[in-house]
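Chain naming here is simple, since letters A, B, ... match the order of the sequence lines and numbering starts at 1 in each.
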Number of protein chains: 2
Amino acid sequence: MVTDSDSPLGPDELSARLGEVFDLVGPLYRRAQRKVEQYAPLQGLSVGVRAVLALLREHGSMTVPQMGRAQALSRQFVQRMVNEAAARGLVESAPNPAHKRSSLIRLTGEGAAAITALVAREREMLSQVGGDLTDDDITACLRVLTRMLEFLDDIDVD
Amino acid sequence: MVTDSDSPLGPDELSARLGEVFDLVGPLYRRAQRKVEQYAPLQGLSVGVRAVLALLREHGSMTVPQMGRAQALSRQFVQRMVNEAAARGLVESAPNPAHKRSSLIRLTGEGAAAITALVAREREMLSQVGGDLTDDDITACLRVLTRMLEFLDDIDVD
DNA sequence: CGCACATGACACCTTGGTTGTCATGTCTGA
DNA sequence: TCAGACATGACAACCAAGGTGTCATGTGCG
């Protein structure tokens with residue numbers, strides 16, 4: 001039967017259900033941002049700076065344009081966030097052997113401490129989401145979101 | 001065993017994995033927004049207006065404050081979107097038998113056509129996501145996102 | 001070498017969304 | 001029954017996230 005819940009969906013059912021996901025992602029994103037806003041400022045971190053620090057924490061040193069591409073943000077915006085972070089001493093630039101103008105950005109000790117502390121607090125908050133979510137649920141969720149992301153990957157920014 | 005993949009997670013594992021979800025939602029949201037813009041060249045419908053039309057399409061006529069509460073948005077913002085939609089003839093207000101000042105907002109034929117067409121185009125785009133996603137995957141995804149949204153809902157607005 | 005392209009810097013704009021305030025309308029209870 | 005608490009609409013000020021445009025400089029490649 002076409003509606004077997006554990007076999008891949010056809011295009012029609014798929015798009016209808018993905019539409020539901022889509023309708024949740026927007027509000028979720030914006031509300032999460034607001035929530036982060038009320039946690040992060042304690043350390044003086046804007047959402048953008050937070051994103052930059054988190055990226056560097058996970059991927060190590062990167063150039064500004066690399067970060068922009070990784071997060072689908074304009075390079076100019078990322079640059080602004082990096083400058084702001086640098087002004088607070090959370091981040092520093094190291095010469096890039098591969099490009100004189102485009103230096104590598106890396107976390108300072110202070111920056112690493114700040115983002116680690118912030119993530120810890122966010123986790124603490126998320127742990128209250130509770131409910132009856134299973135590991136499988138979240139794995140499936142990640143699968144879906146990742147697929148959508150892959151599909152959208154070919155968009156050009158900048 | 002604590003890590004049984006089909007039993008509810010404890011707070012620690014839960015928050016760690018939900019953190020992963022969060023990190024995907026941002027880029028996904030931004031990419032999707034751009035993709036929709038380029039694929040379905042918005043006939044002048046801002047995200048806010050789109051949300052209002054979608055709400056009315058799903059729930060029938062509502063008052064402005066009702067919509068605000070339904071979406072955890074400030075009533076003033078919803079009002080602005082409704083006014084904008086009304087100015088374009090997508091929506092009209094009917095007298096509310098239960099309240100003289102707060103009229104019921106409902107879709108016009110034009111509004112219904114516009115939102116239906118938009119949703120159809122979005123669906124068409126999403127149908128290309130393809131992959132091997134099952135109905136169960138998406139259901140789980142919706143469960144996760146809904147839980148997160150509910151959790152964030154207790155931010156009081158207005 | 002020359003030319004297309006990537007990068008940094010900086011200014012300006014748009015959009016989603018909130019907060020505040022005021023006047024008017026509605027409901028409830030002593 | 002009527003006073004005060006609360007809901008609504010209207011309008012304005014404000015904010016943060018993020019994009020766009022442009023210019024000068026640097027880099028890589030045919």
Side-chain angles (χ1 to χ4, degrees), chain A residues 25-41 44-52 54 62-87 91 93-105 155-158, chain B residues 25-38 42 44-52 54 62-69 71-87 91 93-105 152 155-158:
Chain A
V25 166
L28 179 57
Y29 172 68
R30 289 185 296 258
R31 248 173 268 177
Q33 256 192 168
R34 272 204 265 152
K35 197 74 175 185
V36 168
E37 257 171 41
Q38 48 185 232
Y39 273 67
L45 300 184
S46 73
V47 174
V49 170
R50 195 218 91 116
V52 164
M62 308 173 73
T63 70
V64 166
Q66 278 169 359
M67 290 190 261
R69 284 186 288 266
Q71 294 290 303
L73 291 171
S74 73
R75 111 193 114 81
Q76 289 91 333
F77 176 69
V78 175
Q79 183 82 51
R80 253 171 33 219
M81 294 305 111
V82 165
N83 292 346
E84 194 178 308
V91 123
S93 57
N96 183 352
H99 198 303
K100 190 169 291 179
R101 259 178 87 82
S102 188
S103 41
L104 282 170
I105 310 300
I155 51 100
D156 267 359
V157 109
D158 195 347
Chain B
V25 165
L28 177 58
Y29 173 71
R30 289 184 295 257
R31 284 195 164 114
Q33 216 177 227
R34 291 209 196 88
K35 192 75 173 190
V36 166
E37 266 166 30
Q38 92 181 40
L42 259 352
L45 298 187
S46 70
V47 174
V49 171
R50 197 213 93 115
V52 163
M62 308 173 72
T63 70
V64 166
Q66 277 170 1
M67 291 190 258
R69 285 186 289 265
Q71 298 290 300
L73 291 171
S74 72
R75 109 195 116 83
Q76 289 90 333
F77 176 68
V78 175
Q79 184 82 53
R80 241 165 55 207
M81 295 304 110
V82 165
N83 292 345
E84 194 178 308
V91 123
S93 58
N96 184 350
H99 199 300
K100 190 168 290 179
R101 261 178 86 83
S102 187
S103 42
L104 282 170
I105 310 300
L152 295 175
I155 310 171
D156 263 0
V157 113
D158 195 346

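If you measure from atom CG of B/L104 to atom C1' of D/dG9, you get 15 Å, rounded to the nearest angstrom. Distance CD (A/E84) to P (D/dA16): 10 Å, rounded to an integer number of Å. Here the C1' atom of nucleotide C/dT18 and the CD atom of A/Q33 are 14 Å apart, to the nearest Å. Distance A/F77 CZ to C/dT14 C1': 14 Å, rounded to the nearest Å. If you take CE of B/M81 and P of C/dT14, they are 15 Å apart, rounded to a whole angstrom. Rounded to whole angstrom, the span from the CZ atom of A/R34 across to the C1' atom of D/dC15 amounts to 13 Å.
Listed nucleotides D/dT8, D/dA17, C/dA9 differ in distance to A/N83; the shortest reach to its side chain belongs to C/dA9.
In this structure, the side chain of B/R30 does not engage the main chain of A/L73 through any donor-acceptor pair within 3.5 Å.
Here B/Q66 does not reach the OP1 or OP2 of D/dT8: none of its side-chain N or O atoms lies under 4.0 Å away. Between C/dG8 and A/S102, a contact under 4.0 Å exists linking OP1 or OP2 to a side-chain N or O. Note on B/Q79: a side-chain N or O is less than 4.0 Å away from OP1 or OP2 of D/dG9.
Taken from CZ in A/R75 to CZ in A/R69, the straight-line distance is 10.0 Å, to the nearest 0.5 Å. Rounded to the nearest 0.5 angstrom, A/M81 CE and A/Q79 CD are separated by 10.5 Å.
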With the criterion being N/O to N/O and under 3.5 Å, what pairs connect the protein with nucleotides 23-26 of chain D, and how long is each?
unit_1	atom_1	unit_2	atom_2	d
D/dT25	O2	A/R101	NE	3.2

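Among B/V52, B/I105, B/N83, the single residue meeting the side chain to side chain contact (heavy atoms under 4.5 Å, CB included) criterion with B/V64 is B/I105.
Here A/S103 lies in heavy-atom contact (under 4.0 Å) with sugar-phosphate atoms only. Counting any heavy atom pair closer than 4.0 Å across all strands shown, A/Y29 reaches sugar-phosphate atoms only and no base atom.
For the residue pair A/S93 and A/S103, the shortest heavy atom distance occurs at CB-OG, 3.6 Å.
Positionally, the nearest nucleotide of DNA chain D for B/R69 lies more toward the 5' end than for the other of B/R69 and B/R80.
A donor N or O paired with an acceptor N or O is not found under 3.5 Å between the base of D/dG9 and the side-chain atoms of B/Q76.
In this structure, B/E84 has no side chain to side chain donor-acceptor pair (under 3.5 Å) partners at least two apart in sequence or on a different chain. Judged as a ring pair (Phe, Tyr, Trp, His ring centres under 6.0 Å), and not counting sequence neighbours, the contacts of A/Y29 are B/Y29.
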